Amino acid sequence: MRTPLIAGNWKMNKTASEAVRFTRELVQQPLSTSAIDVVIAPPFTALAAVRDSLGPAPAIGLGAQNLHWEDHGAYTGEISAPMLKDLGCRYVILGHSERRAQFGEQDDLIHKKLLAALKHELKPILCVGESLSERESGTTAEVIEQQLNGCLAGFEPARLTNLIIAYEPVWAIGTGKAATPEQAAEVHQLIRRALTAGWSASVAASTRILYGGSVTPQNVEGFLASPDIDGALVGGACLQVDSFATIARLAQKQTGH
Ligand code: PGA
């Protein structure tokens, strides 16, 4: 059984003080996380403050949005996996399309970051997704397979037990034009087939695959109704307590708890 996961990607939003106000409000929401995992990924600068505001034994997990592949060294401006672990992070988003498009991240670099995350027992949320022109030219499957093969090359299946994948079609991110649940489910199935072929049936069965791209309280149930969609990576709608908590509540409800 895959535990549904709702993750909020704050991107470059909220100062540490704003993050504290948000988190204090979020933890007061009537939100049961007995059957789902809920994660928030604030900017690096707010991680410590958010961790403190979540309190001891938090029901909500902490994630980062990126890391450097080395543990330490002369990498001005970078943050490593041990630094994130030390701050209480349990998750890290890797290979987001904004990092690919705006910061030149390619699959081989994301591969190195995945190695670092797994070495330090951070659960990676590996983002894959096609652009609009790739979808329109019918190369979605090829693009996704290439991204998976490039990022996950050489990993023993046993190393991938903590892997989480987020399917985020680039054309759906921040556009208000979410994929349909059918479009998403089709790619999620394709990802599972690729995981079976390239790694193992058990990796394919255990890996949680999230949908991301304009997820809202209004459309999240449609995605979660699909047996191949194990949760959501939420951008814009995670920045308000109400909408993020509602999305998490709907995910919890869907599990029957
Ligand atoms: P969005 O972003 O929900 O604002 O489309 C999702 C993401 O980029 O992870």
Side-chain angles (χ1 to χ4, degrees), residues 2 4-13 37-41 63-67 91-107 109-111 113-114 117 123-137 139-152 163-192 194-195 207-220 222-224 226 228-239 243-244 247-248 251:
R2 298 184 294 265
L5 168 63
I6 300 295
N9 174 11
W10 292 16
K11 309 191 181 184
M12 195 175 73
N13 290 293
D37 290 334
V38 177
V39 172
I40 52 180
Q65 301 172 20
N66 186 23
L67 53 66
Y91 298 81
V92 61
I93 298 169
L94 293 177
H96 191 280
S97 64
E98 286 152 14
R99 297 223 51 94
R100 291 176 190 259
Q102 297 170 35
F103 303 96
E105 292 199 8
Q106 293 184 346
D107 294 336
L109 180 118
I110 299 162
H111 173 83
K113 294 186 174 197
L114 274 162
K123 294 186 167 83
I125 303 177
L126 168 64
C127 302
V128 296
E130 82 288 1
S131 67
L132 185 59
S133 62
E134 288 162 344
R135 173 157 286 262
E136 285 175 347
S137 63
T139 56
T140 298
E142 207 175 300
V143 168
I144 304 287
E145 279 163 18
Q146 248 170 39
Q147 290 173 340
L148 290 174
N149 290 332
C151 295
L152 298 175
L163 176 69
I164 298 157
I165 292 176
Y167 167 54
E168 296 207 312
V170 179
W171 47 270
I173 296 178
T175 59
K177 280 194 184 165
T180 64
E182 294 72 28
Q183 284 173 319
E186 190 185 347
V187 177
H188 284 224
Q189 285 156 17
L190 178 154
I191 293 171
R192 268 191 227 290
L195 290 175
T207 299
R208 288 182 283 184
I209 308 179
L210 317 179
Y211 167 76
S214 297
V215 170
T216 63
Q218 289 71 40
N219 65 18
V220 70
F223 292 109
L224 297 176
S226 163
D228 277 298
I229 302 180
D230 305 312
L233 181 55
V234 186
C238 83
L239 296 174
S243 51
F244 187 60
I247 289 173

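Note: hydrogens, waters and symmetry copies are ignored here, and every other heavy atom, side chains too, is used. In this text, all values refer to a predicted model and were calculated from it rather than measured experimentally.
In this structure the side chain of Leu210 reaches within 4.5 angstrom of the side chain of Leu5, judged on heavy atoms. Contact of the Ile209 side chain with the Ile164 side chain is not registered, since no non-hydrogen atoms from C-beta on lie closer than 4.5 Å. Side-chain contact between Thr216 and Val234 is absent, with no heavy-atom pair separated by less than 4.5 Å. In this structure, Thr207 and Arg2 have side chains that are not in contact, with every pair of non-hydrogen atoms separated by 4.5 Å or more. Side-chain atoms of Trp171 and Ser133, non-hydrogen and from C-beta on, never get closer than 4.5 Å to each other. Thr140 is not listed as a side-chain neighbour of Leu190, based on a closest heavy-atom distance of 4.5 Å or more. Within the 4.5 Å cutoff, side-chain heavy atoms of Trp10 are placed close to those of Cys238. No side-chain heavy atom of Val92 sits less than 4.5 Å from a side-chain heavy atom of Lys123.
Heavy-atom minimum distance, Val39 versus Gly63: CG1-N, 4.0 Å. Minimum interatomic distance between Gln65 and Lys11 (heavy atoms only, all atoms of both residues): NE2-O, 3.0 Å. Between Ala237 and Ile247, the shortest heavy-atom distance links the atoms CB-CD1, 4.0 Å. Contact record, Ile165 with Ile191: CD1-CG2, 3.9 Å, taken as the closest heavy-atom pair. Of all the heavy atoms in Pro124 and Ala117, the pair that sits closest is CB-CB, 4.3 Å. Closest non-hydrogen pair, Gly212 versus Pro169, comes out as O-CD, 3.4 Å.
For the pair Glu130 (side chain) and Ile144 (backbone), a donor-acceptor distance under 3.5 Å is absent. Distance alone, capped at 3.5 Å, is enough to place a donor-acceptor pair between the Ser214 side chain and the Ala172 backbone. Side chain of Glu134 to backbone of Thr139: no donor-acceptor contact under 3.5 angstrom is found. Under the 3.5 Å distance criterion, the side-chain polar atoms of Asn149 are left unmatched by any main-chain donor or acceptor of Gln146. Of the possible polar contacts, one joining the Gln147 side chain to the Gly129 backbone as a donor-acceptor pair under 3.5 Å is found. Checked by atom type and distance alone, the side chain of Ser131 never pairs as donor or acceptor with a backbone atom of Val170 at under 3.5 Å. The main-chain N or O of Cys127 is found under 3.5 Å from a side-chain atom of Arg100 such that the two form a donor-acceptor pair.
Separation of atoms CD1 (Ile229) and OH (Tyr211) is listed at 8.5 Å; rounding is to 0.5 Å. Atom NE2 of His111 is separated from atom CG of Asp107 by 10.5 Å, given to the nearest 0.5 angstrom. One distance of note links CD1 of Ile93 with NZ of Lys113; it measures 12.0 Å at 0.5 Å rounding.
Taking the six-membered ring for Trp and thresholds of 30 and 60 degrees, His188 and Tyr167 have ring planes more than 60 degrees apart, a perpendicular arrangement.
Under the ring pair (Phe, Tyr, Trp, His ring centres under 6.0 Å) criterion, His96 pairs with no residue, sequence neighbours left out. Evaluation of the side-chain hydrogen bond (donor to acceptor under 3.5 Å, both in side chains) rule for Tyr91 yields no partner, not counting sequence neighbours. Annotation: side-chain hydrogen bond (donor to acceptor under 3.5 Å, both in side chains) contacts of Glu145 (sequence neighbours excluded): none. Residues forming a side chain to side chain contact (heavy atoms under 4.5 Å, CB included) with Ala251 (at least two apart in sequence, or on another chain): Ile6, Ile36, Leu224.
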Worked verdict on Asn66 versus Arg99 for side-chain contact (heavy atoms from CB on, under 4.5 Å): CA-CA 9 Å; Asn66 186 23; Arg99 297 223 51 94; 3.3 Å; yes
Chi angles and distances behind the side-chain contact (heavy atoms from CB on, under 4.5 Å) call for Leu114, Leu163: CA-CA 9 Å; Leu114 274 162; Leu163 176 69; 4.2 Å; yes
From CA spacing to verdict: side-chain contact (heavy atoms from CB on, under 4.5 Å), Leu233, Glu168: CA-CA 8 Å; Leu233 181 55; Glu168 296 207 312; 3.3 Å; yes
Intermediate values then yes/no, side-chain contact (heavy atoms from CB on, under 4.5 Å), Val187 and Val128: CA-CA 10 Å; Val187 177; Val128 296; over 6 Å; no
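For residues 208-220, the pairs satisfying salt bridge (Lys or Arg N to Asp or Glu O under 4.0 Å) are Asp37-Arg208, with sequence neighbours left out. For the salt bridge (Lys or Arg N to Asp or Glu O under 4.0 Å) condition, no pair includes a residue of residues 169-191, sequence neighbours left out.
Gln189 CD: more than 12 foreign heavy atoms inside a 6.0 Å radius.
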